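Keep in mind that this is a model prediction, so the values were computed, not measured. Both counts, for ligands and for their atoms, begin at 1 and track the order of listing.
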Amino acid sequence: MNIAVVKDEIFLKHNPGDWHPERPERLERIYARLEEPDLANLVKVLCPREATFEELTWNHAPEYIKTIQQTAGQDHVQLDPDTITSPYTYEAAVKAVGAQFVGLDAIFKGQVAHVFALVRPPGHHAEYNRAMGFCIFNNVALAAHYAMRRLSCERVLIIDWDLHHGNGTQWSFYEDPRVVYFSTHQFPYYPGTGRVEEIGSGEGTGFTVNVPLPAGCGDPEYATVFRRVLVPVAKEFRPQVILISAGFDIYFGDPLGGMSVTPVGVAYLMRVVKELAHELCEGRILLTLEGGYSLQGLSDCTAAVILELAGRSIIPPDRAEELDEVEVELEVFKRISAVLGKFWPGIGG
Ligand SMILES: [Zn+2]
């Protein structure tokens with residue numbers, strides 16, 4: 001077994017409210033899917049640990065961490081218009097971060113090549129001193145810090161294919177040339193950031209790569225973007241580990257999103273990244289769950305990713321060939337070439 005998932009009952013106990021789309025059933029459906037025969041013996045199961053206060057300060061203000069700490073045991077605390085805690089949210093949030101560290105340790109000890117942290121709450125909107133967009137602590141940003149501080153990585157690639165732009169992750173490494181942040185996202189849309197022109201600043205200039213996309217993009221558009229933008233950047237950057245903010249709100253049936261990616265499309269994106277990881281960094285991939293609000297979509301897309309990593313792809317061969325060859329001309333490619341071409345010569349062409 002070359003794949004592990006990190007899972008725990010605590011992630012089902014964070015409950016922002018019965019009306020809320022980011023609800024425990026999301027993970028219940030995914031955990032149930034893992035028990036079905038085609039997946040049951042494919043993955044190791046790892047338990048999370050709690051991230052320490054000091055580890056959280058790598059990405060968050062101490063006062064902010066204390067504010068979240070104080071919500072423990074409290075009924076409901078509203079942190080922003082759509083981010084709300086419940087009695088177990090703090091414990092879930094620190095273990096969602098710790099799940100990243102456990103996953104990275106397993107990868108760097110050579111126990112498995114690929115880990116999927118199946119956690120809630122999600123993280124990519126969380127900023128240095130504020131919760132936002134259902135997110136409390138920035139799981140993937142803290143994973144990148146851990147890779148650099150504890151595992152001696154000098155180059156970390158974050159791929160954020162969630163429907164939304166990961167503003168929190170972008171700002172965490174905006175001036176840091178050790179981290180490439182690559183994001184595809186519906187635009188204009190929540191949270192409003194993620195323009196092509198946001199490319200990083202200072203020493204980090206060129207290391208933020210945003211691909212804003214109009215609503216309605218599906219498998220051919222995403223396949224083209226990954227091949228024309230992500231692949232050349234990754235090959236030039238040569239990361240030592242690849243982190244994925246895996247949001248499944250790009251699924252065609254998602255109630256919050258406007259994209260039309262199918263589970264086969266998600267498997268194809270996973271295939272592109274897996275090939276990169278094997279070429280560049282001994283296959284090292286840590287995925288972490290972000291958004292995705294269709295229970296069917298979460299179940300099908302999680303399975304698609306795990307089966308792809310396990311070499312049991314759901315992509316029919318003729319469909320794979322189509323996606324390998326498709327070239328959708330998107331308006332955004334010209335702008336990306338113009339803005340980022342001098343940093344990444346192969347981009348957009
Ligand atoms: Zn999202």
Do any N/O/S atoms of D162 come under 2.8 Å of the Zn ion (ligand 1)?
yes
Taking 2.8 Å as the cut-off, does H164 contribute an N, O or S atom near the Zn ion (ligand 1), distance below it?
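Yes, since at least one N, O or S atom of H164 sits under 2.8 Å from the Zn ion (ligand 1).
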Atom of D249 closest to the Zn ion (ligand 1), considering N, O or S atoms
OD2
Pair [X], [Y]: side-chain N/O donor-acceptor within cut-off below 3.5 Å:
{"X": "T262", "Y": "D219", "answer": "yes"}
{"X": "H165", "Y": "Q170", "answer": "yes"}
{"X": "S313", "Y": "R271", "answer": "yes"}

Go through it in stages, so that I can follow the logic: the residues are E91 and K13, the test is salt bridge (Lys or Arg N to Asp or Glu O under 4.0 Å), and I'd like the CA-CA distance, side-chain angles, deciding distance and then a yes or no.
CA-CA 9 Å; E91 189 181 342; K13 292 188 176 178; over 6 Å; no
